[in-house]
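Structure record follows, encoded as structure tokens.
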Amino acid sequence: MIDLEGVSAQALSDTIGAIYDCALDPQLWPETCRKIADLCESTGGGICVHDMRHVQNDQLFVFGYQPEFLEKLGSQYAQSPMAAADIVASVGDVNILSTDRQELLESRFYRDVLEPFALTDMIWFPALRTGGRMASMHASRKDQAPHYQQLEIGLFKLLSPHVCRALTISDALDIRTLRSEMLEKTLDVLAAGVFLAARDGRVVYMNEAAERQVKAGTSIRILNNRLDPVDPAASAALSMAIDRAARDDDGGGQRSLAIPSGTGAGYIATLLPVQRGQRADIVAPFAASVAIFMQDPLEAPMMPGEAFARLHKLTGGELRVLLALAQGLGAKEAADMLGISEPTVRTHLQHMFAKTHTLRQADLLRLLQASTPAVRAP
């Protein structure tokens, strides 16, 4: 029998209730992981997904760790005592790593991974196995905190079947959820605003650039949870285009619209249906039917630099000249800035024309611009 003397019955009941809420809404897992860690008086915790086939370790809903620790844990997980224990453990079996055990203190995993970040104890259990992947829930203590005792181990044993059941019910860590985590991170580095809309036009997701565009309010805003351009004609056209894309009347193709502002500038909106095929699988967690990409045509994205040079086999000197000219400088100004002669600049240009199959400087710069990714600088 598990001795839970000193643990509030209400806190325990609330935590178990929160675990089952996650079965219906996986986005509640971060808060629930904190509840579990707090109940066990832990400084960090979360859910880990181990891909056995690709030797990959993804951290989801984690808190209380430095990014450097998570990177090191991921790179050395396969050689860790945790991986060794999980090979023979059953789903729900609680395990513990503690520095009060001499064998851990003498291990390379402790010296390389735990000790540099002052971690003393880790407690965890395998929570879900699907194919070559395994999810586990963990909590940890650091610095001078006491070692885990029977109380904390007992709490983890009590909570583990509920966590396992909730994950099984929702399959919250299936490939779609993992893709949605990666998709959000990917979309947030784009310079273009990305809006995902449901079939009825409701916005179900915005990336960081989209949030900035809405906050600016010069061309686009959110009204009744729907995209609403400031320009009335653009508002009507966008509403119709979203409806057509949601019904896939455009045959799965793209469609672009002008979204002007009151100052004469504005955005170009490109709509893409995402409710069929691989697109639908990728955005499934968002329940979206249409993706709207909102791009400011005057916003200069970062130059691709090395990638463009490698593609066309440009030398370092040629690339420096090209990037100088891309800033709007003439040949003489570029030469002065780079500390070379104007004839050298023109020689580099001739070599780049031959390598890129262009005939004029304007064509070369246009090719560079077309090769520029719509990604914001970090």
Side-chain angles (χ1 to χ4, degrees), residues 22 24-31 58 60-61 170-231 234-261 266-297 299 301 373-376:
C22 295
L24 302 177
D25 184 0
Q27 297 307 313
L28 296 175
W29 274 116
E31 182 182 347
D58 293 318
L60 298 180
F61 319 131
S170 64
D171 197 10
L173 300 178
D174 68 9
I175 193 65
R176 290 182 304 167
T177 301
L178 292 177
R179 281 183 179 173
S180 75
E181 293 279 327
M182 292 183 286
L183 179 62
E184 286 195 49
K185 292 177 182 177
T186 301
L187 294 180
D188 277 341
V189 302
L190 296 182
V194 180
F195 300 85
L196 297 181
R199 181 178 291 273
D200 60 1
R202 289 179 299 105
V203 174
V204 295
Y205 172 80
M206 295 186 288
N207 72 345
E208 290 182 0
E211 290 176 357
R212 290 194 297 270
Q213 290 170 351
V214 170
K215 187 175 181 180
T218 55
S219 299
I220 195 79
R221 59 198 173 190
I222 299 291
L223 186 63
N224 295 326
N225 206 27
R226 288 168 172 76
L227 276 176
D228 182 46
V230 173
D231 180 83
S235 180
L238 181 62
S239 178
M240 185 180 299
I242 290 175
D243 180 63
R244 289 188 61 185
R247 290 187 282 110
D248 213 5
D249 286 353
D250 293 324
Q254 301 180 16
R255 183 179 182 187
S256 294
L257 300 170
I259 310 294
S261 72
Y267 303 118
I268 301 295
T270 302
L271 286 77
L272 181 67
V274 292
Q275 59 206 353
R276 293 186 182 178
Q278 191 173 19
R279 296 175 192 166
D281 183 50
I282 292 172
V283 302
F286 300 106
S289 294
V290 185
I292 302 108
F293 300 87
M294 204 78 67
Q295 178 70 46
D296 183 348
E299 184 176 304
V375 179
R376 63 176 172 84

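Values reported hereafter were calculated over all heavy atoms of this structure, with side chains retained and with hydrogens, waters and symmetry mates removed. Just so you know, these numbers come straight off a predicted model, no measurement behind them. By convention here, the first residue in the shown sequence is residue 1.
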For side chain to side chain contact (heavy atoms under 4.5 Å, CB included), just list the numbers for Leu271 and Ile242, CA-CA rounded to whole Å, side-chain angles, deciding distance to a tenth of an Å, and then say yes or no.
CA-CA 7 Å; Leu271 286 77; Ile242 290 175; 3.7 Å; yes
First locate atom CE of Met294, then atom CG of Asn207, and finally report the distance between them rounded to the nearest 0.5 Å.
10.5 Å
Residue pair Ser261 / Ser219: nearest heavy atoms and the distance that separates them
CB-OG, 3.0 Å
Rounded to the nearest 0.5 Å, what separation is found between the OH atom of Tyr267 and the CD1 atom of Ile292?
14.5 Å
Test your reading of the model: is there a side-chain donor-acceptor pair from Arg202 to the backbone of Asn225, 3.5 Å cut-off?
no
Are Leu227 and Ile222 packed together at the side-chain level, in the sense that at least one heavy-atom pair is separated by less than 4.5 angstrom?
yes
Over all atoms of both residues, closest heavy-atom pair of Asp228 and Ser235
OD1-OG, 2.8 Å
Calculate, to the nearest 0.5 Å, the distance between atoms CD1 and CG belonging to Ile220 and Asp231 respectively.
10.5 Å
Show the nearest heavy-atom pair for residues Ala288 and Leu196, with the distance to one decimal.
CB-CB, 3.8 Å
Should we count CZ of Arg226 as having more than 12 external heavy atoms under 6.0 Å?
yes
Hey, what do you get for OG (Ser239) to CZ (Arg244), rounding to the nearest 0.5 Å?
12.5 Å
Nearest heavy-atom pair of Ile259 and Ala269: which atoms, and what distance?
CG1-CB, 3.7 Å
Where is the tightest heavy-atom contact between Val204 and Ala198, given as atom of each residue plus distance?
CG1-CB, 4.1 Å
